[in-house]
Amino acid sequence: MASQEQLELSGLIKSVHQRLRESAKQSDAETAWQEHMQDAERLKNYADAMYKLATCYWDRTMEVSSKRSNCRIEWVVASCRSYFLHPTPLLYLFREKEDKVMQAIDASFRYEHRPYLIEKIKLLDVGSCYNPFAAFEEFDVTAIDIAPAQPSVWYCDFLDVAVRSIDRPSFSPEHWAVDALPKQYYDAIVFSLLLEYLPSPDQRMHCCRNAYEMLRPEGILLIITPDSRHQGANAKLMKNWRYTLAGIGFTRIKIEKLEHVTCMVFRRSLFPEVGQRWCAINREAYMMPVLNIPQDFNESPSKEAAPSAEQRTEADDVDIRDAFAGLPFEDS
Ligand SMILES: C[S@@+](CC[C@H](N)C(=O)[O-])C[C@H]1O[C@@H](n2cnc3c(N)ncnc32)[C@H](O)[C@@H]1O
């Protein structure tokens, strides 16, 4: 069962997310974000709480219960290894698949692939907080955050970062900050529990477009999103993410439900037509190019009375369960 401290840390994180969403509803997401970014104390408290929760509770619980395969960090590492470094990297399998799709569009399609050369996997961890991937030697990590909890994490707002045709990331060491990030440079970009921090679907979309710009063709975007509901409960939402990202030029190549999160890998396709074809074939009536999260559809908690036992929905039960599991994000 969760300790008092764990509940307090979760509560603090939840309240920051909630406050930001409330303020975006009352003004607009851009204004709410600017105000949020001015609040140095709140950002610092959030960073401290997140760091402690992740390293003292979540990661440790996974180790103790021998469920390391259930850990989002390990999942990202394993996915990158099999995609880039396996004796037969998955990357080449997806080339073959894309070629087949292109030939279905145009029977005369031919493309001469080159080997995807890689020494270390260049990984951009957006919303890194405490730079968990620094511990793995196969990565050359750029860790960024609006509230770094470790000195190896650079200050950077991914919603407001310059994306340039430069040959490496540009830093301003005196400010511990990123000046600009390069186009078509990273092999892998990680959004671990990032998107639900952002109060509006447009901001989430902006992050995904930025990721597309910064990834090498055939690079991958790994998205971890909180999800404690049963397998399939968020299936429509996740399928809509797939639809939306396909429209940008990503192909979803893996999705896996772990105990408290859904993990996905999207490949920056060599040919945007691959995503467009997926959209054309798979579009269902409800699908829209928008990145919603469950919280977008909830009423303001301040206006709601606490539900009685009979009124409680699955989401409320998940709230209660998560408070004890220590994952704070399935909030109202
Ligand atoms: C829930 S924490 C996740 C931390 C870490 N990735 C993990 O999985 O444990 C979300 C992080 O995203 C950061 N963040 C939110 N918006 C951001 C933005 N626009 N640019 C960079 N970092 C951002 C927050 O400061 C916070 O550290």
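First listed ligand is number 1; within each ligand, the first listed atom is number 1. All heavy atoms count here, side chains included; hydrogens, waters and symmetry mates do not. Given the structure is predicted, the values throughout are model-derived calculations rather than measurements.
Ring-centre distance between His175 and Tyr155: not below the 6.0 Å cut-off. Between His36 and Tyr46, the ring center distance fails the sub-6.0 Å criterion.
Residue contacts with ligand 1: Asp145 is placed with a nitrogen or oxygen under 3.5 Å of a nitrogen or oxygen of the ligand (distance criterion only). The shortest N or O to N or O distance between Trp33 and ligand 1 is not below 3.5 Å. Residue Tyr130 places no N or O, backbone or side chain, under 3.5 Å from any N or O of ligand 1. Residue Gly127 has at least one N or O atom closer than 3.5 Å to an N or O atom of ligand 1. Checking only distances, Tyr197 never comes within under 3.5 Å of ligand 1, N or O to N or O. Considering backbone and side-chain N/O atoms, Phe158 comes within less than 3.5 Å of an N/O atom of ligand 1.
In Asp125, neither the side chain nor the backbone holds a heavy atom less than 4.0 Å from any atom of ligand 1. Neither the backbone nor the side chain of Ala149 has a heavy atom within less than 4.0 Å of ligand 1. For Arg72, every heavy-atom contact with ligand 1 shorter than 4.0 Å involves the side chain, none the backbone. Looking at Asp157 against ligand 1, both its backbone and its side chain come within 4.0 Å, counting heavy atoms.
A pairwise comparison of heavy atoms in Ile144 and Val153 identifies C-CG1, 3.7 Å as the closest pair.
A cation-pi arrangement, defined by a distance under 6.0 Å to the six-membered ring centre and an angle within 45 degrees of its axis, is present between Arg216 and Tyr116. With a 6.0 Å cutoff to the six-membered ring centre and a 45° limit on the axis angle, Lys236 does not count as a cation-pi contact of Trp241.
The existence of a salt bridge linking Glu218 and Arg267 is confirmed by a sub-4.0 Å separation between a basic side-chain nitrogen and an acidic carboxylate oxygen.
Judged by distance alone, the side chains of Glu22 and Gln18 never bring a donor and an acceptor atom under 3.5 Å apart. Side chain to side chain, Thr251 and Ser269 meet the donor-acceptor criterion of an N or O pair below 3.5 Å.
Distances from ligand 1 to the non-hydrogen atoms of Phe191 include no value under 4.0 Å. Ligand 1 lies nowhere less than 4.0 angstrom from a heavy atom belonging to Val161. Residue-ligand proximity: Ala47 is placed with every non-hydrogen atom at 4.0 Å or more from ligand 1.
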